[in-house]
Amino acid sequence: MHKKDSSHFELLFNIGELADLVTGSSDLEGFLIRSVELVSRHFDAPVCSIYLYNEISDQLILKATKGLKPDAVNRIHMKPGEGLVGRSFEDLSIIRVGDATKTPGFKYFAEAGEDPYYSFLCVPIRRGVEKIGVLTVQHQDMDYFDISDERAIRAVVTQLAGSIENARLLIELSQTRSDDTQKIPLAFVKGKPATGGYAFGKAVVLNGKKRSVLYDPVAFEEQFTKKDFLRAVEKTTLELKELQKGFAQRLPESASLIFTAHFMILKDKNFIGKMETLIDEGKLPFNAVRKVAARYISIFSSSPHAYMREKAQDVEDLCVRILNNFGSENEADQYEKGSIAIARQVFPSDILKFVSAGIRGIILASGGVTSHVTILARSLQLPLIMTEEAQLLVLPENSRILLDGELGNIYINPGQDTLDLFENQLKVKQLSVTSPIKKQTLTSDNEPVTLLANINLLSEVALARQMNAEGIGLYRTEFPFLIRATFPSEAEQYVIYKKLFDDMKDLPVTVRTLDAGGEKTLAYSDSYKEDNPELGLRSIRFSLRHRDIFEFQIRAMLRAAAGKDNVRIMFPLISSIDEFLEARQIVHDCMNALDKEEIEYNPDVGIGMMIELPSVLETIDEFAKEADFFSVGTNDFIQYMLAADRANKMVADHYIPYHPAVNRGLGKISAAAQKQGIDISVCGEMAHEKEYIPFLLGIGIRILSVDPQFLPMVQKTIMNLSIKDAQNYAEKMMAQTTIKGAKAVLDSWSL
Ligand code: PEP
Ligand code: MG
């Protein structure tokens, strides 16, 4: 009956082989079974089991066992804290008992056939701070396991944890690659909401499967001729033109951009021409398309540049369209209208393609997302949810998904009750979103506050107007730059800005110059890989370094503003007076050049700056003398003041908008603007956060610029407070020197 200590050592040495077991196993379960068999053998214990924690159901589930009944797998589960296994998991403690049946909290599962086992040893499986599950060994003798077993098994589990995590990863990958969709009983996934809104539709899993026509033979494909091929190419061209036209209405700034690559490829003689040659040489038309596609895709995919790799998708998309257009009855679109797209990763251009294809919502499974993808989706009112749940990528065909973009909830094949509930919520939401705000916003003691809108896309201007925004406080100009592989020309930008100013008629509009870099990486600038992009060549620094790009933008703005009264230009991320003066000088140089060229422009645009860096605080009075206005970008101001990445959830606790340094900094900026008599607005997200509005008004801010959907809530908040109260409150807030003290004051304001 006695175990040999040497076997423990043997196990410790051989456990490295588990990595091979992973690759040798066809699925996670297979790997786990081999692992429990190995542990059971080495510990001379008849039972060894692994329970894994499932976050969605918040349960530990028996995933593999040697010794218990095999059909207990997946059927035995317990909550953290429940039974010995649950307790070991929750407390991250090793539990060793000599007679489990007499131990309080022991949970007995008859279906597992575990009654004859008395000795019980369970060890939590963890990876760093992540809890993964529990491994147990059992023996029919009482008091079988001793302290040396405890130590040995802890060492074993430490090594196993890494392999389990690897196994998960490998299996996830192979699942997304494999075509056999698994029966996944997923019903609900909790994700992170990125944009708000609701959507219900058929799931379409991207990354691979839908494009199979490009890789797998289709029935009767050999019957098609060269004539069919030429017709398919023709049809594809027309189809793309049609799509482009539809797009022009919804997203004017990208109309000419989105299918540019497709048209260029279609024009490339080596592309269609090569296909024709192959057909003439006797290749079947389908295979000729596949062969040329494969060559282009492989060239693009192996490029070190992200924007070139993105082109591989364009080639794929184009060739799938051509192949689908061989048959007259084929659906050319790869996505069904009204679907919910599930993908690992999306580019900004994908978002635009989704819109043109009628996709209603997006789930990003186990992929990162940059803020411009989020902002773009929000502007297009596409609900977007991010999740780590890779199982969504292998959802069976025809699954239906309900997205609650407000809470980040994903319901898979929801019941009618759930759907009814959401339909009602949607009706209420639509009412409040489209109802305009009062034309004038007054506090309860009659102080006027100006409410402006933040806009990312021209398509949002209509909403801003409809909601009665008093103007545009921030137009982010980067999107036309982000969604394409080359920067937009002066002429292209002119069209965009002109439409913006025209649509806003006489209302004031503040346009911000390019805020590239950081996480808003331009495809054509990725040769500048930076270790620390947030502190790198971003924003105005990028514009000043690439003066030609900057000048094209300024010229386009000045020209588009001709004849308008209320246009202002501002520079983002200004760090010194020198930088502001340099940027402003470029505007004046552009004016001089336009004069010489006798091109009409607006010589009276206001020139201001965003306040986003703490470095401006010490010379803020001098800045106020130079700039025509200030606009406070609290998102970046807080990030840089507190050295806490605004998009990194690991440091979300450090990103504190009411931090004493932030409060006093904002107070100082506002005082400088008031002293100099220049406009100051807040356009960062703090401006739409209910709890911070009293402070902002209390320090003298009278202009807030927010995403249009927040206007009703912001107006209501303002109308319910008095400036007198806000001032007293802000004074108290400014007196605080600790985060704790500031939090107490924050909590004292009842909204
Ligand atoms: C800000 O930093 O607060 C801001 C409005 O700019 P962006 O969010 O575009 O960086
Ligand atoms: Mg900013």
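Counting starts at 1 for both ligands and their atoms, following the listed order.
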- Message: I need the OE2(E612)-the Mg ion (ligand 2)-OD2(D636) angle, rounded to 10 degrees.
- Response: 100°
- Per-atom filter on ligand 1: closer than 4.0 angstrom to a heavy atom of C683 are 5 (C)
- Note on the structure: Near D515 (heavy-atom distance under 4.0 Å), the atoms of ligand 1 are 9 (O), 10 (O)
- Task: May I ask you to check whether D636 has an N/O atom sitting below 3.5 Å from an N/O atom of ligand 1?
- Result: yes
Show the atom names and distances, to 0.1 Å, of all donor-acceptor pairs under 3.5 Å that link a side chain in residues 499-508 to residues at least two apart or in another chain.
unit_1: K499; atom_1: NZ; unit_2: D503; atom_2: OD2; d: 3.2
unit_1: D502; atom_1: OD1; unit_2: K498; atom_2: NZ; d: 3.3
unit_1: D502; atom_1: OD1; unit_2: K564; atom_2: NZ; d: 3.2
unit_1: D502; atom_1: OD2; unit_2: K498; atom_2: NZ; d: 3.0

- Of the listed options Q639, E478, R646, closest to atom 8 (O) of ligand 1 (non-hydrogen atoms): R646
- Side chain, backbone, both or neither: M686 near ligand 1, heavy atoms under 4.0 Å: neither
- Where does E685 meet ligand 1, judged by heavy-atom distances below 4.0 Å: at the side chain, the backbone, both, or neither? neither
- Message: Once rounded to the nearest 0.5 Å, what's the spacing between atom CZ of F542 and atom CG of L514?
- Response: 6.0 Å
- The reported gap from OG1 in T717 to CE in M719 (rounded to nearest 0.5 angstrom) is 11.5 Å
- Could you go through the salt bridge (charged side-chain N to carboxylate O under 4.0 Å, His left out) check for R559 and E490 one step at a time? CA-CA 10 Å; R559 288 175 48 208; E490 179 182 327; 2.6 Å; yes
- Message: Ring-plane angle category for F710 and H688, please: parallel below 30°, perpendicular beyond 60°, tilted otherwise.
- Response: parallel
- Do Q553 and T513 have side-chain atoms, one donor and one acceptor, less than 3.5 Å apart? no
